[in-house]
Each structure stands twice: as structure tokens, then as C-alpha cells.
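Data block below; observations after.
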Amino acid sequence: MPLILIAMLAAMYFLVMRPNNKRRREMQEKQRNASSGQTIVTIGGLHATIIDSDDTTVTLEVSPGVMCVYERGAIARVLEDDVEDTTVPDNAAELTEDQPELKHTDEKSDSKDADEAAGNKPRNDGTQN
């Protein structure tokens, strides 16, 4: 019986704990080696480029001229150089000119208009319709 318990603990170590420790060490190494010019993703999902760094913090450019300072531990992953550039062009507003205008409808105002058309008068006693 004790041999089975020891075998199960050893199997759990090699199948669960060891791979997790290896992944954690690799992530810490990537965070330490992140340097200027690399594109990263933070743990919050922010895509940015590293502008400057020191031992504990990195300065990120999230859009042209917008800088933020983050802890190194906030780096979730370092993107490879072959990732497509996701910057928004200066003329981004012109890209949507050919698309038709979408009209936003508010359900409350629609039902209010329908009530008024049907001859129903709104209540003024403070309750909702």
C-alpha cells in the first residue's frame, strides 16, 4: 500500500508539478530578457512596444506618443517579429466612409412611441411603464 501511494505522488510530480515549474521559469526568463523594440502583450491584454526598461519596470508605447510604465511581471508574452503590424493608420476615419450609416434604435423610445401612437398616456405617478 505505501508503495502505491509513493508511486502516485511521484507520477503527480512528473506529470503536473514539473511541467508547471518549467513553464513558470520560461515565462520569468522571457520577462527578464524583454528589451527595447519588442512587441509584448500584458496580462491585461494590452499590446504595446517596449521603449525603455530597467530591472523592475518597462516603459511601453501603447499608441504613438502614449507611454505607460508597467512592472516587468505584467508581461504575459513577447510577440515574435513576424506578427502583423496592428497600428491604426492616420486616415482610419476614411476607411469607413463607404460603409452605410447604422441607425441605433432604443427599445424604450420605440415602445414609448408605440404607446403614444396607440393612444396610451404615460403615467405620472413615478412608476415605470
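- In this view, Met1 satisfies the side chain to side chain contact (heavy atoms under 4.5 Å, CB included) rule with no residue, not counting sequence neighbours.
- Annotation for Met27: hydrophobic cluster partners, listed by chain and number, are none (ILVMFWY side-chain heavy atoms under 4.5 Å, direct or chained).
- With hydrogens and angles ignored, the 3.5 Å screen pairs no side-chain donor or acceptor of Thr49 with any backbone N or O of Gly37.
- In this structure, the separation between CD on Glu61 and OG1 on Thr39 is 10.0 Å, given to the nearest 0.5 Å.
- Between the side chains of Arg18 and Asn21, no donor-acceptor pair of N or O atoms lies under 3.5 Å.
- Linking ILVMFWY residues whenever their side-chain heavy atoms come closer than 4.5 Å, directly or via other members, leaves Met8 and Met12 in distinct clusters.
- For CD1 of Ile4, the number of neighbouring non-hydrogen atoms (other residues, nucleotides, ligands) closer than 6.0 Å is 12 at most.
- Residue pairs meeting the salt bridge (Lys or Arg N to Asp or Glu O under 4.0 Å) criterion with at least one member in residues 38-54: none, sequence neighbours excluded.
- Listed by chain and residue number, Val16, Arg23 satisfy the side chain to side chain contact (heavy atoms under 4.5 Å, CB included) test with Asn20 (two or more places apart in sequence, or in another chain).
- Annotation: side chain of Met67 is in contact with side chain of Ile51 (closest heavy-atom distance under 4.5 Å).
- Members clustered with Val66: Ile40, Leu46, Ile50, Val58, Leu60, Val62, Tyr70, Ile75, Val78, by chain and number, using a 4.5 Å side-chain heavy-atom cutoff among hydrophobic residues.
- Ala34 approaches Ser53 most closely through the heavy-atom pair O-OG, 4.3 Å.
- Pairs passing the side chain to side chain donor-acceptor pair (under 3.5 Å) check and including a residue from residues 25-34, sequence neighbours excluded, read Glu29-Arg32, Glu29-Asn33.
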